[in-house]
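Not measured: the values here are computed from a predicted model. Throughout, residue positions are numbered sequentially from 1 according to the sequence presented.
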Amino acid sequence: MAPIVEGHGEVAAVRQLITRIGERHAVWIEVAQPFRLDSAKMRKPEELAKAVRLQEVRVKGRTGGVLIIRDGDDSDIQCPVELARLIAPEAEAFSVPVEVVIAYHEYEAWILASADSLRSHPSVRDNAVAPAEPEAKRNAKAQLESMMHESYKETLHQAKFSSMIDLAMASEKSRSFRRMMHAVEKLIGLPGS
């Protein structure tokens, strides 16, 4: 699988997450080096198509595809489905499947959805609890930081937290995380995906 991500922290974090989703199904997923493309360029069809073509080469002839992951924090579009449709490249332009996943507001909302499972991390408070609706409001980073003993830094914490979150809990509390799980399952060819 060859991801395209928008943030520096997501470069390492998404590899952890995809690998863990595969392990959940007893499937090893080889995750190529993610291609980082900022959110503004992701909204430019020609820029995103170039990134997809670069990642397509890495998975051509193998099971998998290109997975585009982006925060849904745009001020002009509130619906992740609408944003995914807007940025989705023409499927027939590529020889591998391409899936688009929009994290509702931001990637950290997925981590926040399973905050309870982070308590064993030394940076996280012992009383950390996931909010009932982790995607309800913006700024999941600040909410996450309020459950920590130190400042949250994407490049320091995002990958580690992604390796620790309870996937079932995150899926239960976050609709956009369920979409992430489904997209990975679909790209690896799981039945019913």
Side-chain angles (χ1 to χ4, degrees), residues 1-7 10-37 39 42-43 45 47-74 77 79-114 134-135 158-159 161-163 165-193:
M1 189 163 311
I4 298 173
V5 299
E6 96 179 273
E10 291 155 5
V11 170
V14 78
R15 289 180 112 164
Q16 293 284 335
L17 203 51
I18 292 169
T19 300
R20 291 193 58 228
I21 293 168
E23 288 171 350
R24 185 173 191 232
H25 298 287
V27 174
W28 167 252
I29 302 174
E30 184 177 342
V31 183
Q33 175 66 29
F35 185 94
R36 200 181 82 69
L37 188 68
S39 61
M42 279 197 192
R43 284 190 68 168
E47 293 287 336
L48 186 56
K50 274 195 266 184
V52 172
R53 276 193 283 288
L54 286 169
Q55 292 298 76
E56 174 185 36
V57 171
R58 294 177 174 196
V59 293
K60 205 174 206 169
R62 293 188 252 184
T63 302
V66 176
L67 179 64
I68 301 166
I69 303 169
R70 184 184 187 282
D71 288 351
D73 53 3
D74 295 53
I77 299 177
C79 176
V81 175
E82 185 181 333
L83 182 57
R85 284 188 191 128
L86 175 75
I87 71 166
E90 300 281 332
E92 54 277 349
F94 305 102
S95 62
V96 300
V98 177
E99 290 289 322
V100 178
V101 176
I102 305 296
Y104 193 62
H105 298 312
E106 55 194 324
Y107 185 105
E108 283 78 8
W110 296 347
I111 297 170
L112 192 60
S114 182
E135 297 178 316
Q158 203 172 32
F161 289 173
S162 294
S163 73
I165 62 170
D166 181 320
L167 299 177
M169 181 186 290
S171 185
E172 179 184 316
K173 291 190 170 203
S174 168
R175 184 175 178 194
S176 68
F177 188 76
R178 281 193 300 277
R179 167 69 185 121
M180 171 65 174
M181 300 266 292
H182 178 74
V184 171
E185 291 162 353
K186 188 173 178 182
L187 286 173
I188 61 174
L190 286 180
S193 300

Is there a side-chain contact between [X] and [Y] (heavy atoms, below 4.5 Å)?
X: Pro3; Y: Gln55; value: yes
X: Met180; Y: Leu67; value: yes
X: Leu17; Y: Phe177; value: yes

Between Trp28 and Thr19, is a side-chain contact (heavy atoms from CB on, under 4.5 Å) present by the stated rule, with each step listed?
CA-CA 7 Å; Trp28 167 252; Thr19 300; 3.9 Å; yes
Might you work through the side-chain hydrogen bond (donor to acceptor under 3.5 Å, both in side chains) test for Arg15 and Gln33, ending with a clear yes or no?
CA-CA 8 Å; Arg15 289 180 112 164; Gln33 175 66 29; 3.1 Å; yes
To check you understand the geometry: which heavy-atom pair defines the closest contact between [X] and [Y], and what is its length?
X: Val101; Y: Ala183; value: CG2-CB, 3.5 Å
X: Ser95; Y: Lys60; value: OG-CE, 3.0 Å
X: Ile165; Y: Trp110; value: CD1-O, 4.3 Å
X: Ile102; Y: Leu83; value: CG2-CD2, 3.9 Å
X: Gln158; Y: Glu10; value: OE1-N, 2.9 Å
X: Phe94; Y: Arg53; value: CE2-CG, 3.7 Å

[X]/[Y] ion pair, N-O < 4.0 Å:
X: Arg178; Y: Glu172; value: no
X: Arg58; Y: Glu30; value: no
X: Glu23; Y: Arg20; value: no

Separation of Leu48 CG from Ile87 CD1 (nearest 0.5 Å):
6.0 Å
Qualifying residues under side-chain hydrogen bond (donor to acceptor under 3.5 Å, both in side chains), relative to Gln16, sequence neighbours excluded:
none
Determine whether the side chains of Glu135 and His105 contain a donor N or O and an acceptor N or O closer than 3.5 Å.
no
Applying side-chain contact (heavy atoms from CB on, under 4.5 Å) to Met181 and Lys186, what does each step give before you reach the verdict?
CA-CA 9 Å; Met181 300 266 292; Lys186 188 173 178 182; over 6 Å; no
Donor-acceptor pair, side chain of Arg36 and main chain of Val5, under 3.5 angstrom
no
Spell out, as yes or no, whether a donor-acceptor pair under 3.5 Å connects the side chain of Arg179 to the backbone of Val100.
yes
May I have the step-by-step check of side-chain contact (heavy atoms from CB on, under 4.5 Å) for Val66 and Glu99, ending in yes or no?
CA-CA 6 Å; Val66 176; Glu99 290 289 322; over 6 Å; no
